[in-house]
Amino acid sequence: METKRTNKDVLVLGLKKMGLALLLMFLGPTLLYVAFSNQEKPLYIPILIVAIIICVCAVYFAFKGINTIMDSMFKNEKSN
């Protein structure tokens, strides 16, 4: 009978993804606020598009990070 252990390398990878998601979660809404505050400027549309892409990436990396952290704790090594 084997004991379950956390794969520390995979856990660190998951934490890095969560850190990136946290950074993007602050950057995306900040850029959205800047874009909506300056609707009359010529860079309104490009900044708005970049902000929406960053917000979508933040959600993606949050899910990938949580999934990677769960894999590090619960995935069986022999099932790979």
Hey, quick one: are [X] and [Y] part of the same hydrophobic cluster, counting side-chain heavy atoms closer than 4.5 Å, chains of contacts allowed?
X	Y	answer
Leu13	Phe74	no
Val56	Leu20	no
Ile45	Ile53	yes
Leu31	Leu43	yes
Leu27	Ile47	yes

Quick one: [atom1] on [X] to [atom2] on [Y], what's the gap to the nearest 0.5 Å?
X	Y	atom1	atom2	result
Ile69	Met18	CD1	CE	5.5 Å
Ile52	Cys57	CD1	SG	12.0 Å
Gln39	Leu48	CD	CG	8.5 Å
Thr30	Ile54	OG1	CD1	9.5 Å
Asn7	Met73	CG	CE	11.5 Å
Met70	Leu11	CE	CG	9.5 Å

Of all the heavy-atom pairs spanning [X] and [Y], show the shortest one and how long it is.
X	Y	value
Tyr44	Asn38	CB-O, 3.8 Å
Gly28	Ala51	O-CB, 3.8 Å
Ala21	Ala62	CB-N, 3.5 Å

Side-chain cluster (under 4.5 Å, hydrophobic types only) that Val59 belongs to, other residues: Phe63
Set of side chain to side chain contact (heavy atoms under 4.5 Å, CB included) partners for Lys64, sequence neighbours left out: Lys17, Tyr60
